Student: 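Attaching a single structure in structure tokens format; questions to follow.
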Amino acid sequence: LHLPEVCSPRSKKGDLLNAHYDGFLASDGSKFYCSRTQNEGHPKWFVLGVGQVIKGLDIAMMNMCPGEKRKVIIPPSLAYGQQGYAQGKIPPNATLIFEIELYAVNKGPRSVEAFHQIDKDSDKKLSELEISQYLKEEFARDGKKRHPSVHDEILADIFKKNDHDGDGFISAKEYNVYQHDEL
């Protein structure tokens, strides 16, 4: 519907997006969802390509730029399929139409850039020291007062949830839940 003259950055899997979108049933044009009436009218934030929205929106919002508007048609197989979504007033086998307005494209929490920023020695794995330093920098940046034990608890939790092979490092594969090819 609208493409800005300057189209950068373009959205990709793993990016954190901010958008408004309205959903309509293709069968009769009735509106079943409006992000402007949810969350006090604030646009939605979500990570692209990881299933936080229906598959059709994950696909439809790839390669978009801030300020762009799209109207997309999503078949049932990429929406709510044969079961529909009664809570959202979407019948079985419904084709959906979404009007999307993208406001922001940011690096997602598990982006390649974030991994490289934490990986100070560029060995493609994150040590406890590297993650500890990153946490200290993040805590200093947000300026909130925290008890020192919070740092240790978060660090332990990160390794518990991400060091799948128990080698004391978080590899690029373990860190990168969004499966970037660039690593």
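Nothing here was measured: the structure is a model prediction, and the numbers come from that model. Count residues from 1 along the sequence.
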Student: Strictly distance-based, threshold 3.5 Å: is any side-chain N or O of Asp152 a donor or acceptor partner for the main-chain N or O of Ala156?
Tutor: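 Flag not set: sc Asp152 to bb Ala156 has no pair under 3.5 Å.
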Student: Honestly, is Lys89 close enough over Phe32, meaning NZ or CZ under 6.0 Å from the six-membered ring centre and within 45° of the axis?
Tutor: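 Geometry flag: not set, cation outside 6.0 Å or 45°.
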Student: Strictly distance-based, threshold 3.5 Å: is any side-chain N or O of Glu68 a donor or acceptor partner for the main-chain N or O of Cys65?
Tutor: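 Here the side-chain-to-backbone pair exists.
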Student: Do Leu129 and Ile158 share a hydrophobic cluster, counting only Ile, Leu, Val, Met, Phe, Trp and Tyr and linking them when any side-chain heavy atoms are less than 4.5 Å apart?
Tutor: no
Student: For a quick test of reading the model, state the closest non-hydrogen atom pair linking Leu135 to His151 and the distance between them.
Tutor: CB-CD2, 3.7 Å
Student: When Ile73 is tested against each of Leu96, Thr95, Leu78 for side chain to side chain contact (heavy atoms under 4.5 Å, CB included), which residue passes?
Tutor: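 Only match with Ile73 under side chain to side chain contact (heavy atoms under 4.5 Å, CB included): Thr95.
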Student: Which pair of non-hydrogen atoms, one from Ala79 and one from Ile74, has the smallest distance, and what is that distance?
Tutor: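 Heavy-atom minimum between the residues: CB-CG2, 4.0 Å.
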Student: Can you find a heavy atom in the side chain of Met64 that is under 4.5 Å from one in the side chain of Arg70?
Tutor: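 Yes - at least one pair of side-chain heavy atoms lies under 4.5 Å apart.
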Student: Going by heavy atoms in the side chains, are Tyr80 and Asn93 under 4.5 Å from each other?
Tutor: no
Student: On a heavy-atom basis, which atom in Gly51 and which in Asp58 lie closest, and how many Å separate them?
Tutor: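 Between these two residues, the closest heavy atoms are N-OD2, 3.1 Å.
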Student: Search all heavy atoms of Ile100 against all heavy atoms of Ala19 and return the closest pair with its distance.
Tutor: CG2-CB, 4.5 Å
Student: Do any N or O atoms from the side chain of Asp15 and from the backbone of Leu17 form a donor-acceptor pair under 3.5 angstrom?
Tutor: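 Here the side-chain-to-backbone pair does not exist.
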Student: Identify whether the distance between the nearest side-chain nitrogen and carboxylate oxygen of Asp22 and Arg36 falls below 4.0 Å.
Tutor: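 Salt bridge flag = yes for Arg36 with Asp22.
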Student: Transitively linked via ILVMFWY side-chain contacts under 4.5 Å: Val105 with Tyr103?
Tutor: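 In one cluster with Val105: Tyr103, no.
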Student: Taking the side chain as everything from C-beta on, heavy atoms only, tell me whether Leu126 gets closer than 4.5 Å to Phe115.
Tutor: yes
Student: Going only through I, L, V, M, F, W and Y residues with side-chain contacts under 4.5 Å, is there a path from Leu155 to Phe169?
Tutor: no
Student: Take the angle between the ring planes of Phe46 and Tyr21 and call it parallel below 30°, perpendicular above 60°, tilted in between.
Tutor: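 The rings of Phe46 and Tyr21 stand perpendicular, inter-plane angle above 60°.
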Student: Which heavy atom in Phe159 sits nearest to a heavy atom in Ser127, and how many Å separate them?
Tutor: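 Shortest heavy-atom separation between Phe159 and Ser127 comes out as CZ-C, 3.8 Å.
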Student: Give a yes or no answer on whether the side chain of Glu101 reaches the backbone of Lys69 with a donor-acceptor pair at less than 3.5 Å.
Tutor: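 No; judged by distance alone, with no hydrogens or angles, the pair does not exist.
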Student: For Met61, is there any backbone N or O sitting under 3.5 Å from a side-chain donor or acceptor partner on Ser11?
Tutor: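 Yes, because the side chain of Ser11 sits within donor-acceptor range (under 3.5 Å) of the backbone of Met61.
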Student: State, to 0.1 Å, how close Gly67 and His2 come at their nearest heavy-atom pair, and which atoms those are.
Tutor: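 Taking Gly67 first and His2 second, the nearest heavy atoms are O-CD2, 3.2 Å.
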